[in-house]
There are 2 protein chains.
Amino acid sequence: MYDRLKGFRDFYPEEMSARRQVFDTVEDAAARYGFREIGTPTLERTQMYVDKSGEEIVEELYAFEDKGGREVSMTPELTPTVARMVVAKQQELSKPIKWYSTRPFWRFEQVQQGRFREFYQTNVDIFGSEAPEADAEVLAFAADALTSLGLEADDFEFRVSHRDILGGLLDAFEGDVDTRDAIRAVDKRAKVEEEEYLGLLSDAGLSYGDAQQFDDLIATGDLDAIAEFGGDDVESAVENLRAVLSAADDFGAGEYCEVSLTTARGLDYYTGVVFECFDSTGDVSRAAFGGGRYDDLIESFGGQSTPAVGVALGDATLQLLCQRAGVWPEEALSTDYYVLQIGDTREVAADIVRELRAAGNVVETDVSGRSFGAQMGYADSINAETVVIVGEQDLENGEVTIKEMSSGDQTTVPVDDFPGDDDAPTYEDYK
Amino acid sequence: MYDRLKGFRDFYPEEMSARRQVFDTVEDAAARYGFREIGTPTLERTQMYVDKSGEEIVEELYAFEDKGGREVSMTPELTPTVARMVVAKQQELSKPIKWYSTRPFWRFEQVQQGRFREFYQTNVDIFGSEAPEADAEVLAFAADALTSLGLEADDFEFRVSHRDILGGLLDAFEGDVDTRDAIRAVDKRAKVEEEEYLGLLSDAGLSYGDAQQFDDLIATGDLDAIAEFGGDDVESAVENLRAVLSAADDFGAGEYCEVSLTTARGLDYYTGVVFECFDSTGDVSRAAFGGGRYDDLIESFGGQSTPAVGVALGDATLQLLCQRAGVWPEEALSTDYYVLQIGDTREVAADIVRELRAAGNVVETDVSGRSFGAQMGYADSINAETVVIVGEQDLENGEVTIKEMSSGDQTTVPVDDFPGDDDAPTYEDYK
């Protein structure tokens, strides 16, 4: 007997059925917004990730040398791959480019609640628009996906921030501040003690007093005060943030958004608006997912300057949020019909099965030559709504029996009348 | 600029849209038969493949040592993984177990037409029934999937064979015949010269004369003569093959099946009925896909003896078959509405967009602040059926313009009447 690898998951049908409903709901929302599905490779050259994130990233990757001597990695995220794809067809693609996909990704990291080595994400991105409407469309899609899952306004909130506000504020202080390190410190703010956080800001080049003042500014979130303190660059970033929120209002996502400048996002490549989705009750403490603007990435991949904004919904934390809110789909099979055979009735049963399937129903029948009781037990195990009993004796009278499984009620029906013209006839139609 | 790895593919939206339609059609057919979707890991322990196929298999795998020192491989096929999953929950799962899934697999091999290093398969399997109805259900599903794609009876054929007929016949000859090698030789029959093929049979232990006699028997496919020659084991295998074909008849797949004992399938683990799907015109020379019975695999994985039968439809050859038959879906985007904004009309446009999306339509609108002409060009590029023009001047009269893109016809409509009660209103409804 072989074991499954740690951090990897098998999904059996009941759990998979719930996951499929959730994936489909999120993807349907993306499709309604005119995002188009793409398909992407599982392996990319390791160099792509090293160039983007530094040599130390390799320790977190499933990286190896392939049989042809290429250094390759199982993709840890989609963004570099879609950036590569945009650059490869930059001239042909009409802008804005709006793409989505759902697939697994891999990171070699500690396994914990809501964090696996193989995880699934739906990525949704817009390339080619720097307008605030593009940021807002991503927010509106995300809100639409969540409400389509049954989540309500008091279940979740989007904490919206802006990298250029944080960066501009940091630049406004004396001294040589390392913006990247300081923003990474802000990203850790909620996860570490205050002293450690202020220490990280000091390490990034802020004096202790400046670190406190900086934190006061972003914690209050008073955009007017911040714009005044930070100068022109911060003022235009504040203006951009407000424009995004205004567009999000028009697009129906305003009620889910709140300004939260202590939200920073960990990834280095973000450039403008960033946001994270949180459980409003706080029961799920980690961000459910996040996204933001990354206007410089395509150019850094050798393409023409192309603004970009996107979001990635991960399966594990989204599941935690849905379960907390009681909207995770039931993990159960559903079956429209089980066609039960007694004796040598396969030919008639098969005709009924074919007609019901042709009408789009989920239909099972005996493929094991089993007894009435075993078949009835199986029909029950797959949650069959209706059992059609095709028995030798009934057939001599030209009849089959239609049994409603929820009530146990049943009736005989002329075999010529079943399934009849109705796509999904039930006991109720014949009783 | 980074390059894509050889043998891996990027799918842009137009091509992906066709692929998605094909995947969905195949999966919908599986779902109607009561196959249930499962989700499976991308990595497994390399040992699992070595135990099953020998040390030489590693050369064809994307195999490596992970950061935790485990020897792992990117899954080259699904069967070992589902066997592992069946064994892991053998007691809990009610039989028959009927599973499907669609996902990529990886093999490090020469890239050629219809063969990539990353390829996609829909796997469909039944565990726990040794009855011929199970084999027939797999055949019926496969036929249903293909006809749902638009293929017709003269487009494809299932060449059905039986491993125990081949094995039993081989045993009926004098001498010590290596059944595995001989069956591998049969699998190569159509791909090599006759002399080489007979040589391979000789290498497997048949005299040259016996090799010719064996080939005559399987080439004629005269089941009565074969049963008479082969003795009891072959006779019962012939009986099983006939029972499968009879059940396939009842299940509506008979017309696609023909006995073809020169079909052997390459994989060692098949035990009973095996089959391959071929292009009837011969234009696509390789098998589009294949499947068969593998009753011993679960036990070899440490589980209870569990009969099994399945099929795997690969993306590349299935695409070649569909394209040859002219039923490959059009590789094009489709969009129900583009809502075009002229001037400061975002708020009204956004309301219309939201209503249309809520009714399930694919709707795009401007997120780039572009001109009338640029927006119209974009609407055309995404094949928008209807453009809703929301202009400042029209709005002063309380109107929007509805333009049918195919004809260029347009009319104005009171903004309060659009979209109205209809889920998908068009120019025709207002003209």
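Naming: A, B, ... by sequence-line order, numbering from 1 per chain.
Judged as a ring-ring contact (aromatic ring centres under 6.0 Å, His included), and not counting sequence neighbours, the contacts of B:Phe64 are A:Phe64. With sequence neighbours excluded, the residues satisfying salt bridge (Lys or Arg N to Asp or Glu O under 4.0 Å) with B:Lys52 are B:Glu77. Residues meeting the ring-ring contact (aromatic ring centres under 6.0 Å, His included) test with B:Tyr120, sequence neighbours left out: none.
In this structure, chain B has no heavy atom under 4.5 Å from any part of A:Ala29. For chain B, the nearby part of A:Glu118 is the side chain; its heavy atoms alone come within less than 4.5 Å. Only the backbone of A:Leu61 comes within contact range of chain B, judged by heavy atoms closer than 4.5 Å. Heavy atoms closer than 4.5 Å to chain A are found in both the backbone and the side chain of B:Tyr2.
Contacts with chain B (heavy atom to heavy atom, under 4.5 Å) involve these residues of residues 38-45 of chain A, listed by number: A:Ile38, A:Gly39, A:Thr40, A:Pro41, A:Thr42, A:Leu43, A:Glu44, A:Arg45.
In this structure, A:Arg354 forms no cation-pi arrangement with B:Phe251, as its terminal cationic atom is not both closer than 6.0 Å to the ring centre and no more than 45° off the ring axis. Both tests pass for B:Arg103 against the ring of B:Phe105: distance under 6.0 Å to the centre and angle within 45° of the axis.
A donor-acceptor contact under 3.5 angstrom links the side chains of B:Thr102 and B:Glu27, judged on distance only.
Between A:Glu14 and B:Arg36 no salt bridge is recorded (no basic side-chain N to carboxylate O distance below 4.0 Å). Classification of A:Lys67 and B:Glu59 as a salt-bridged pair fails, no side-chain N sitting under 4.0 Å from a carboxylate O.
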